[in-house]
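Here's the structure we're looking at; comments come further down.
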Amino acid sequence: TSETTEPKASWKQMSILVVVAFLVLLLDQASKRVIETNVIFNTSWMPWEWLAPFFQITHIGNTGIAFGLFSGGSMIFALVALAVTGAILYFNYTLPAGHVALRIILGVILGGALGNLVDRLRQGYVTDFLDFGPWPVFNVADMAVVFGAVALVILMWREERQLKAAEKEAEKTNLSVDVNDEQVVR
């Protein structure tokens, strides 16, 4: 029996994830440095007064996960982030050639996880600052993780639909064919 295997991804393809993760990490850490150096801890700054009910910059520390959930477990979440990092990097390495969208999405998630991990290791908490009214205060890394997770679900859903459509098409063509009044089943 011959086993069909998909071709292994090139280092160039595998590097897509790393480059995207690095860019997200860079954006996250740069935005946090701007806030940490310009907005006093536990205070808010409103770029425009009329926008205050909807958006302001609020510099806080978060020992929980995205959007302030499960506060107090900063080091546990650091360990989880390390495990997620290892899993994503291993999956990227084993993922066959192609799958560019998946590599980009995983890079966004990895960049977000690493952005908050750097904060936890550096200061024991995550710097949050984006304050949209009734929502918990969050940061660029939180947005990356949530966006990446939603994009991953959408990608999986689309791939599942494409697979089902292909299977349906295969069923239509493989069921039976009438050749010269003889029924031939494939």
Side-chain angles (χ1 to χ4, degrees), residues 1-32 62 64-70 73 76-121 126 128 130 132 134-178 183-186:
T1 63
S2 69
E3 196 175 307
T4 59
T5 60
E6 295 181 65
K8 184 163 174 42
S10 67
W11 286 105
K12 184 177 179 181
Q13 286 182 341
M14 285 189 267
S15 69
I16 292 169
L17 178 140
V18 175
V19 169
V20 170
F22 176 75
L23 292 173
V24 170
L25 175 64
L26 186 66
L27 179 61
D28 175 67
Q29 290 297 298
S31 64
K32 289 172 179 174
N62 174 10
I65 57 173
F67 308 107
L69 300 172
F70 309 110
I76 292 169
F77 297 127
L79 293 173
V80 170
L82 284 171
V84 167
T85 297
I88 289 175
L89 290 174
Y90 177 75
F91 184 71
N92 183 50
Y93 178 76
T94 61
L95 193 61
H99 300 282
V100 174
L102 180 56
R103 291 179 198 284
I104 291 170
I105 291 168
L106 291 174
V108 169
I109 293 170
L110 179 60
L114 290 174
N116 284 341
L117 176 63
V118 167
D119 281 9
R120 292 182 198 288
L121 296 175
V126 172
D128 284 340
L130 296 170
F132 285 89
W135 300 101
V137 182
F138 58 97
N139 61 45
V140 173
D142 295 338
M143 288 190 310
V145 169
V146 170
F147 169 80
V150 169
L152 185 59
V153 167
I154 292 169
L155 181 67
M156 291 168 57
W157 175 74
R158 287 185 62 205
E159 287 180 354
E160 180 67 23
R161 285 188 50 183
Q162 290 170 347
L163 180 63
K164 284 184 180 179
E167 287 173 351
K168 226 177 208 180
E169 190 62 33
E171 283 178 14
K172 285 180 188 176
T173 58
N174 288 334
L175 282 181
S176 64
V177 177
D178 191 64
Q183 189 77 2
V184 178
V185 179
R186 294 186 189 175

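Nearest heavy atoms, Ala113 versus Ala81: O-CB, 4.1 Å. Looking at every heavy atom in both residues, Phe147 comes nearest to Val108 through CD2-CG1, 3.9 Å. Val24 and Ala144 make their closest contact through CG1-CB, 3.6 Å (heavy atoms, listed as atom of the first residue, atom of the second, distance). Of all heavy-atom pairs spanning Val140 and Ser31, the tightest one is CG2-OG, 3.5 Å.
Contact check for Asp128 versus Lys32: no side-chain heavy atoms found under the 4.5 Å cut-off. For the pair Leu89/Leu17, a side-chain contact is recorded, criterion being any heavy-atom separation below 4.5 Å from C-beta on. In this structure the side chain of Val137 never reaches within 4.5 angstrom of the side chain of Leu130, judged on heavy atoms. Residues Met156 and Arg161 fail the side-chain proximity criterion, which asks for heavy atoms closer than 4.5 Å.
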Begin with the C-alpha distance, continue with both residues' side-chain angles, and end with the deciding distance and a verdict on side chain to side chain contact (heavy atoms under 4.5 Å, CB included) for Lys168 and Lys164.
-> CA-CA 6 Å; Lys168 226 177 208 180; Lys164 284 184 180 179; over 6 Å; no

Step-by-step side chain to side chain contact (heavy atoms under 4.5 Å, CB included) determination, Leu106 to Leu102 | CA-CA 6 Å; Leu106 291 174; Leu102 180 56; 3.9 Å; yes

Carefully, step by step, assess Met14 and Leu95 under the rule side chain to side chain contact (heavy atoms under 4.5 Å, CB included).
-> CA-CA 8 Å; Met14 285 189 267; Leu95 193 61; over 6 Å; no

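No more than 12 heavy-atom neighbours from other residues, nucleotides or ligands sit within 6.0 angstrom of CD1 on Ile76.
Side chains of Asn116 and Asn62: no donor on one and acceptor on the other come within 3.5 Å.
Each of Arg103, Gln13, His99 was scored for a side chain to side chain contact (heavy atoms under 4.5 Å, CB included) with Asn92, with one residue passing: Arg103.
Taking CD1 from Ile105 and CD1 from Ile88, the interatomic distance works out to 11.5 Å, rounded to the nearest 0.5 Å. Rounding to the nearest 0.5 angstrom, the gap separating the CG atom in Leu110 from the OG1 atom in Thr85 is 5.0 Å. Between the CZ atom of Arg120 and the CG atom of Leu114 there is a distance of 12.0 Å, given to the nearest 0.5 Å.
For Tyr93, there are no ring pair (Phe, Tyr, Trp, His ring centres under 6.0 Å) partners, not counting sequence neighbours.
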